[in-house]
Amino acid sequence: RVRMWAVYVLLFLSCTIQCSESSLGESFTLDVAKTYLMYSYAAYCPSSDLTSWNCYWCTLYPSVPKMSVQFVFQNASLNIVGYAGVTSEAIVFSFRGTQADSLKNWIVDLSSEDMVPYASLLNAFVGRGFYHAYEGLQPQVVKAALALKKAHPSLPFVFTGHSLGAALTILAAADVYVAVREDPRNMMSINFGEPRIGDINFAHDVDAFLGTSWRVTNQRDIVPHVPPREPFGFNHVRTEIWFPNQTLEWNVCSIGDGEDPLCSDSELDYSIEDHLSYLGIHLHDRKPYGCG
């Protein structure tokens, strides 16, 4: 445990000095967003379709690079599923989001107003429900990250998810960062409809070890507004990419502390429907194809 803290501190200091920009070097684009939205939506599909990469979202757009899924994570007691795989461009981790017809997932979400310490990071707190959902997968995630990095040392890590899956990918990113001792410039997240996961110390730590972090919010999506900032002390990680309407034009927000009063925080009338459709692609389009 002490050695893990030492690794974290050394890498944090190294990044403070050297890592002001991500070596991934990409600006946010719709093509990149669509690729990782497909990887996020794919996590809702059956595990057998993931390992063969033959699910509805896996093959919907020929321009999306094919994924070779190497690991599937499962916590059967809480109905949590995720996967890790490799493309020509990255090592990708993704977790399934909340299923509307899964009471267990909703319980996890609703119990996340209470915070607990996150063991991998010093003085950082996260929602109890998120931590409870993830902790059973933690050993599987670390094992997969070490194996994939050994096999593909030149590839960066990218963490992506939708809804609850977005929260779980950020927790996974923290563990991968500590376990693999990865350069923050090779750590990236692209999440959709991400809730607030932890306190401001957790948000600052995540901002330090993710060289590039895009938190995409669609219009009045309700999920990025929970758990509330007050009185619980939750705070978003940066950087929010807000789509304020249906034109597929976006604003780059929250360059500072993750909360930007001029972007989605300016909305007071929230929408569940906006949570289910990103980049004009509705999550429920998958249901006839077994990705429920």
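Any value given below was found using the heavy atoms of this structure, including those in side chains, with hydrogens, waters and symmetry copies removed. What you are looking at is a predicted structure, and each value in this text was computed from that prediction instead of being measured.
- Salt bridge absent: D207 and R215 never bring a charged side-chain N and a carboxylate O closer than 4.0 Å.
- The two residues V141 and A172 make their nearest non-hydrogen contact at CG1-CB, 3.9 Å.
- Within a 6.0 Å sphere centred on CD of E135, heavy atoms belonging to other residues, nucleotides or ligands number more than 12.
- Interatomic distance, D260 CG to R238 CZ, rounded to the nearest 0.5 Å: 12.5 Å.
- Under the 4.5 Å side-chain criterion, counting only non-hydrogen atoms from C-beta, I170 is in contact with E194.
- Here the shortest heavy-atom pairing between N75 and G136 reads ND2-CA, 4.1 Å.
- In this structure, the side chains of M188 and Y36 stay at 4.5 Å or more apart for every pair of heavy atoms.
- Once rounded to the nearest 0.5 Å, the distance linking NE2 of H204 with CG of D257 reads 6.0 Å.
- Using modelled atom types and a 3.5 Å distance limit, the side chains of N235 and R196 yield no donor-acceptor pair.
- Atom OG of S77 is separated from atom CG of N79 by 9.5 Å, given to the nearest 0.5 angstrom.
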| message | Checking L121 against F209 for the side chain to side chain contact (heavy atoms under 4.5 Å, CB included) test, could you report, in this order, the C-alpha distance in whole Å, the side-chain angles of both residues, the deciding distance, and whether it holds? | response | CA-CA 11 Å; L121 301 174; F209 68 68; 4.2 Å; yes
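- Here the closest heavy-atom approach between residue V226 and residue P195 is recorded as O-CB, 3.2 Å.
- A continuous path of ILVMFWY side-chain contacts below 4.5 Å connects V252 to L279, so both sit in one hydrophobic cluster.
- Considering only heavy atoms from C-beta on, Y39 comes within 4.5 Å of Y83 through its side chain.
- The distance from atom CG of N191 to atom OH of Y278, rounded to the nearest 0.5 Å, is 10.0 Å.
- A single hydrophobic cluster is seen to contain both V32 and W57, as judged by linkage of ILVMFWY side chains at heavy-atom distances under 4.5 Å, directly or through other members.
- On the SG-SG cut-off of under 2.5 Å, C253 and C263 qualify.
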Side chain to side chain contact (heavy atoms under 4.5 Å, CB included) between D265 and H225: does it pass, once the steps are laid out?
CA-CA 8 Å; D265 278 357; H225 299 280; 4.3 Å; yes
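- Defined by atom type and a distance below 3.5 Å, a donor-acceptor pair is missing between the side-chain atoms of Y56 and D285.
- Contact detail for Q140 and V72: the closest heavy-atom pair is OE1-O, 4.0 Å.
- Remark: the S271 side chain and the Q219 side chain contain no N/O donor-acceptor pair separated by less than 3.5 Å.
- Between F93 and L168, the closest side-chain pair of non-hydrogen atoms is not below 4.5 Å.
- Of all heavy-atom pairs spanning A90 and V158, the tightest one is CB-CG2, 3.6 Å.
- Ring orientation note: the planes of W250 and F28 are nearly perpendicular, at an angle over 60° on the 30°/60° scale.
- For the atom pair F130 CZ and M115 CE, the distance stands at 11.0 Å (nearest 0.5 Å).
- For the atom pair CD1 of I222 and CG of D274, the computed distance is 10.5 Å after rounding to the nearest 0.5 Å.
- Annotation: cation-pi pair K143/F71 absent, no NZ/CZ under 6.0 Å from the ring centroid and within 45° of its normal.
- The 12-atom threshold is exceeded at CG of L146, counting heavy atoms of other residues, nucleotides or ligands nearer than 6.0 Å.
- Looking at heavy atoms from C-beta onward, Y118 lies in side-chain contact with Y134 at the 4.5 angstrom threshold.
- Classification of the H284-H282 ring pair by plane angle, with boundaries at 30° and 60°, yields tilted.
- Every residue two or more places apart in sequence or in another chain that forms a salt bridge (charged side-chain N to carboxylate O under 4.0 Å, His left out) with K149 is listed here: E182.
- Closest of all the heavy-atom pairs between T217 and S264 is CG2-CB, 3.8 Å.
- A 4.5 Å side-chain heavy-atom check between I281 and Y41 finds at least one atom pair inside the cut-off.
- Cluster annotation: F73 and V86 are assigned to the same hydrophobic cluster (Ile/Leu/Val/Met/Phe/Trp/Tyr, side-chain heavy-atom contacts under 4.5 Å, transitive).
- At a threshold of 4.5 Å between non-hydrogen side-chain atoms, the residues H162 and H275 count as touching.
- If you chain together hydrophobic residues whose side chains sit under 4.5 Å apart, L262 and F243 never meet in one group.
- Side-chain heavy atoms closer than 4.5 Å link hydrophobic residues (I, L, V, M, F, W, Y) into clusters, and following such links, possibly through other members, connects V206 to L171.
- In this structure the side chain of L164 never reaches within 4.5 angstrom of the side chain of F95, judged on heavy atoms.
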Worksheet item: Are V176 and F159 close enough, and set up right, to give a side chain to side chain contact (heavy atoms under 4.5 Å, CB included), and what steps lead you there?
Response: CA-CA 10 Å; V176 170; F159 302 86; 3.9 Å; yes
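- Counting only distance, with no hydrogens or angles, the side chain of D199 and the backbone of F125 share a donor-acceptor pair below 3.5 Å.
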Point to revise | Verdict with supporting geometry, T160 and S94, side chain to side chain donor-acceptor pair (under 3.5 Å) | key: CA-CA 5 Å; T160 190; S94 183; 5.5 Å; no
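- Formation of a donor-acceptor pair under 3.5 Å by the R128 side chain with backbone atoms of D114 is not found in this model.
- If you check the side chains of T247 and N245, you find a donor sitting under 3.5 Å from an acceptor.
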